[in-house]
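Heads up: the structure comes next, in structure tokens.
First the proteins, then the strands, lettered A, B, ... as listed; each starts at 1.
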Amino acid sequence: MDEKFLKPYDPKETEDKIYKKWEDSGFFNPDNCVKAGICDEDAEPFSIVLPPPNVTGTLHMGHAAMLAVEDIIVRFNRMRGKKTLWLPGTDSAAIATQSKVEGEIYKKEKKTRYDLGREELLKRVKAFTDESESTILNQLKKMGSSLDWSRYAYTLDEKRYHAVMTAFVNMYEAGLIYRGARIVNWDPELQTTVSDDEVVRKETQGKFYYLKYGPFTIGTARPETKFGDKYVVMHPDDKRYSEYKHGEELGLEWINGPIVATVIKDDATDMEFGTGVMTITPWHDLTDFEIAERHNLDKEQIIDEKGKLLKIAGEFEGMHIKKARALIVEKLDKKGLVEKIDENHEHSLATNSRGGGVIEPQIKEQWFVDVDKEFKIENSKIAGIDSGSSINLKNLMKTVVESGQIEILPEHFKKTYYHWIDNLRPWCISRQIWFGHRIPVWYKDDEVYVGTEAPSEEGWQQDEDTLDTWFSSGLWTFSTLGWPEKTEDLEIYHPTNVLETGYDILFFWVARMILMGGFHLGDIPFKTVYLHGLVRDEKGRKMSKSIGNIIDPLDMVEKYGGDATRLSLIIGAAPGNDLKLSENKIKGHKHFANKIWNISRFVLSNIDGADLSEKPKLSDKDEEILHELNNTVKGVTDNIEKYRLDLAADEAYQYIWHGFADVIIEESKEILSGDDKEAKLARQWVLKEILITSLKLLHPFMPYVTEEIWSSFEEKDLLMVSPWPTN
RNA sequence: GGGCGCUUAGCUCAGUUGGCUAGAGCAACUCGUUUACACCGAGUAGGCCGGGGGUUCGAGUCCCUCAGCGCCCACCA
């Protein structure tokens, strides 16, 4: 027996060494497994792409949980002899990264991106991402992730860049991407648009003003937008205002003098709310914009991109809206136009969740993906959609889930998914930032050129904007496999088997991948979507810097080992449920790692010298023990297949500690020290069998400690590529 | 406003198509150093399965209803 067993298990001494051994073996790469005869050339493929973490980020518990789940699934399938690929990558995270770098530059040099210029800023961002890339990659390894590093991809590397350009051009040519003036979520602080999904609403209290507007009273929380309000809107069925006819014009006194208002009847008005009458500001409000579109009304910009009032505001021109509001109300009041002010009105404030400011809707020329427009699907591999038929993106996204071709776990998220699709509007994909995939459109006078490469002649100007980061992320399952080239990888590994991610990015990412896969490949991007929950602190609060309740996965790995950290993120975490994590839990699982260590010590020291090359004759009791082992194998296997990793881990834990250690080993002591040589040999054989099987069952969950034990009594292959036990 | 969840032992959670005498881990308590392990072992205690109603031979599980908690979406100016 190896001397190392005389001391308690020390993850710190073991883990890096083991990871290196795995990496050196090359078996994270399925091609090498085939070459070494570990899996058959024509074995069933199994693939997962890693949801790419932000290249400038650091590992948090959410990542750790994701890595644990995926690595378990991957290791399980690899051991079952499948051609298994887990493909790593990182994401440029355009807005987040650029604003991080901009912030640092401003702090150190007091310079903005406009001071530096596009080229210089991008150089700085590149330097920053290059530098931080290795940090996140090393952290991914720390969790024991069996990722095929030879296939590493970065959203902004050359191949992915080409994929994104191709995707844009193809969608443009199909008429699904168009440029148009629509109302977008404008962040005056970051000076860019953000997508609907990135806008979060915060409940706040504020003043609500009732203003006299001719014969009407209108309510508003934002008097500073009201300068151009020349349409007064009410519900067509509202009896209180039946005397006013649609299109009727009324002269009335307003902020900066007399104006002519036109009556509009539209059922977007809520008769119950306020007075049931409103004026509209189509340039800065989505509802208003839509009303204006329906009735073909004028739209006028009131506020500029920096949040300052324009000429239309008269004496208030050039003033920031924050300052202007009080002054405008004061003026209205002097004119006797303020009827009432409600001091504590609750309303929600739209803010940019990517770290910007308060959203100010603006009408802007932007690029959009049309989710309603039908296109012809050429080579459909989608159940229920024939090749050559026409479909729009919304219906495509629905069909693949409804038909069951894509399975979502837990299942109830399907409803959330459908609900989101039903409310989906055109997807604004252009961003006014510099770091990212620049839109492959060039302009020259009135001409427009769209192509993957710049036009060769002089004088063309490329569109200034970059693409929404989710546009490139949407291609991830196939851009990482080499698309648009027709690669062997794409052929073998796509569609991928599982997409594992947090339920919080179901819309951002999962839905967009389904959209992109459907359009570009006529196929699904993955067969199963496994959604994990959020990792919270022991009281169920989100982990955050401000509360100071962050548990750093790397600290935990350092203190208790990668195996314990992984197991803690799995046990008790049903799919889709948030997980409450405490340091104590992780500590407890470190004890489990040590338990296995000691079980091995006991078994190995007791079979030393015994010839177990042939299966001895077993007693009925021995057979019964093996039968119980088989039940455990079956239970663990079934649960992993059903993606109930929590139950699988729990069952293995239960069996190994309270079955194997507490009962079987205890009972064996007597036999091993007894005089019956035959019984002893049989039991030695059984113990070894159980140990081998237990290590295998546990390997996906606790890869380090099991591999380390394995190395001390099995000479041949790594445990990582040993066959999964059959029952 | 619309949607989706959750409520089971002190705490964290399992409990799959109804068969449960309701389980596990942690915590608590008692005892214990014997061929691995004190990062341990043996044992004990702890539950009207949120309330009410229904379906059923049988309900933690299915249906209705009420209450509390949480999340997501949304154009109430």
Side-chain angles (χ1 to χ4, degrees), chain A residues 1 5-10 183 196-197 199-201 208-211 218-222 225-226 229 233 268-281 284-291 345-348 350 361 410 412-420 422-425 503-504 506-507 533-534 536 538-540 560-561 564 567-568 571-574 576-582 584-585 587-606 638-639 642 644 646-647 649-651 653-654 657-658 661-662 665-666 668-673 687:
Chain A
M1 190 190 64
F5 285 111
L6 299 176
K7 287 187 294 176
Y9 173 62
D10 182 0
I183 192 148
D196 291 343
D197 296 298
V199 174
V200 284
R201 286 168 189 283
F208 193 77
Y209 308 86
Y210 290 93
L211 307 175
I218 58 160
T220 183
R222 309 198 55 196
T225 64
K226 296 278 145 197
D229 288 13
V233 188
T269 16
D270 182 351
M271 289 188 269
E272 312 285 311
F273 185 83
T275 56
V277 183
M278 62 177 177
T279 60
I280 57 167
T281 314
H284 301 291
D285 185 281
L286 177 67
T287 317
D288 296 1
F289 175 83
E290 286 175 349
I291 292 170
H345 184 260
E346 295 213 353
H347 67 272
S348 59
H412 70 255
F413 278 106
K414 273 187 192 174
K415 291 179 190 165
T416 317
Y417 174 80
Y418 295 140
H419 191 249
W420 177 80
D422 289 340
N423 291 312
L424 196 59
R425 288 180 294 135
Y503 63 73
D504 52 331
L506 177 61
F507 309 139
L534 268 35
R536 297 171 176 277
E538 54 194 319
K539 289 179 187 146
Y560 307 110
L567 199 60
S568 303
I571 289 187
N577 282 5
D578 290 355
L579 173 76
K580 287 176 194 155
L581 183 71
S582 65
N584 231 11
K585 184 175 178 185
K587 197 173 167 186
H589 290 135
K590 186 192 177 208
H591 297 174
F592 181 51
N594 195 52
K595 187 76 189 177
I596 309 155
W597 189 252
N598 281 297
I599 288 171
S600 307
R601 173 179 170 180
F602 178 85
V603 173
L604 291 172
S605 66
N606 275 289
D638 287 352
N639 276 318
K642 281 189 285 186
R644 288 305 303 266
D646 54 327
L647 300 181
D650 200 51
E651 187 166 353
Y653 179 101
Q654 211 57 230
W657 198 315
H658 302 298
D662 290 349
I665 286 183
E666 289 306 321
S668 300
K669 288 176 181 172
E670 208 179 317
I671 301 171
L672 294 171
S673 63
L687 287 176

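- Distances shorter than 4.0 Å separate some side-chain N or O of A:Lys415 from OP1 or OP2 on B:G5.
- Within 6.0 Å of the NZ atom in A:Lys587, the count of heavy atoms belonging to other residues, nucleotides or ligands does not exceed 12.
- Between the C1' atoms of B:G50 and B:U7, the separation comes to 6 Å (whole Å).
- For B:U16 and B:C62, the P atoms lie 9 Å apart once the distance is rounded to whole Å.
- The residues A:Asp578 and A:Lys580 are annotated as not salt-bridged, no charged nitrogen and carboxylate oxygen being separated by less than 4.0 angstrom.
- In this structure, the nucleotide among B:G2, B:A36, B:C72 sitting nearest to the side chain of A:Thr416 is B:C72.
- Distance from the side chain of A:Thr269 is smallest for B:A77 among the nucleotides B:C75, B:A77, B:C73.
- When the C1' atom is compared between B:C20 and B:U61, the two are found 10 Å apart, to the nearest whole Å.
- For A:Glu670, the CD atom counts as loosely surrounded, since its 6.0 Å shell holds 12 or fewer non-hydrogen atoms of other residues, nucleotides or ligands.
- Using a 4.0 Å heavy-atom criterion, one finds that A:Ile599 contacts the bases of the nucleic acid, with or without backbone contacts as well.
- Rounded to a whole Å, the CG atom of A:Leu506 is 19 Å from the P atom of B:G3.
- Within 4.0 Å (heavy atoms only), A:Glu666 reaches at least one base atom of the nucleic acid.
- A:Phe592 and A:Tyr653 have tilted rings, their planes meeting at an angle from 30° to 60° on a 0 to 90° scale.
- Taking the side chain of A:Ala574 as heavy atoms from C-beta on, and the options B:U16, B:G3, B:A14, the nearest nucleotide is B:A14.
- Among the nucleotides B:G15, B:A36, B:C75, the one closest to any side-chain atom of A:Arg644 is B:G15.
- A donor N or O paired with an acceptor N or O is not found under 3.5 Å between the base of B:U12 and the side-chain atoms of A:Lys585.
- Here the closest non-hydrogen pair linking A:Gly219 and A:Tyr210 is CA-CD2, 4.2 Å.
- Checked against B:C4, B:C37, B:C39, the side chain of A:Pro8 finds its nearest nucleotide in B:C39.
- Closest to the A:Asp662 side chain, of the nucleotides B:A36, B:A42, B:C73, is B:A42.
- For the C1' atoms, the distance linking B:G41 with B:G60 amounts to 33 Å, nearest Å.
- Here A:Lys226 pairs with A:Asp229 under the salt bridge (charged side-chain N to carboxylate O under 4.0 Å, His left out) rule; sequence neighbours left out.
- Rounded to an integer number of Å, the gap from CG of A:Asp638 to P of B:A14 is 19 Å.
- Phosphate proximity of B:C40 to A:His591: present, with a side-chain N or O under 4.0 Å from OP1 or OP2.
- Going from the C1' atom of B:C49 to that of B:U34 covers 41 Å, rounded to whole Å.
- Distances from the side chain of A:His412 to the nucleotides B:C73, B:A77, B:G5 place B:G5 closest.
- Remark: B:G60 base-pairs with no nucleotide; criterion is Watson-Crick or G-U wobble with both hydrogen-bond distances under 3.5 Å.
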What string of B, S and - do you get for nucleotides 24-31 of chain B, 5' to 3', if B is base contact, S is sugar-phosphate-only contact and - is no contact with any protein heavy atom under 4.0 Å? SS------

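- The shortest distance between the side-chain N/O atoms of A:Lys580 and the OP1/OP2 oxygens of B:U12 is below 4.0 Å.
- A gap of 27 Å separates the P atoms of B:A74 and B:A67, to the nearest Å.
- Residue-level contact check: A:Leu581 touches neither bases nor backbone, having no heavy atom under 4.0 Å from any strand.
- Looking at heavy-atom distances under 4.0 Å, A:Gly276 makes contact with a base.
- In this structure, A:Arg536 does not reach the B:G70 phosphate: none of its side-chain N or O atoms is under 4.0 Å from OP1 or OP2.
- Look at A:Asn594 and you won't find any side-chain N or O under 4.0 angstrom from OP1 or OP2 of B:C40.
- Within the nucleic acid shown, A:Phe507 comes within 4.0 Å of sugar-phosphate atoms alone, with no base atom in reach, counting heavy atoms only.
- If you take atom P in B:A14 and the same atom in B:C6, they sit 10 Å apart, rounded to whole Å.
- B:A38 and B:A24 have their C1' atoms separated by 22 Å, given to the nearest Å.
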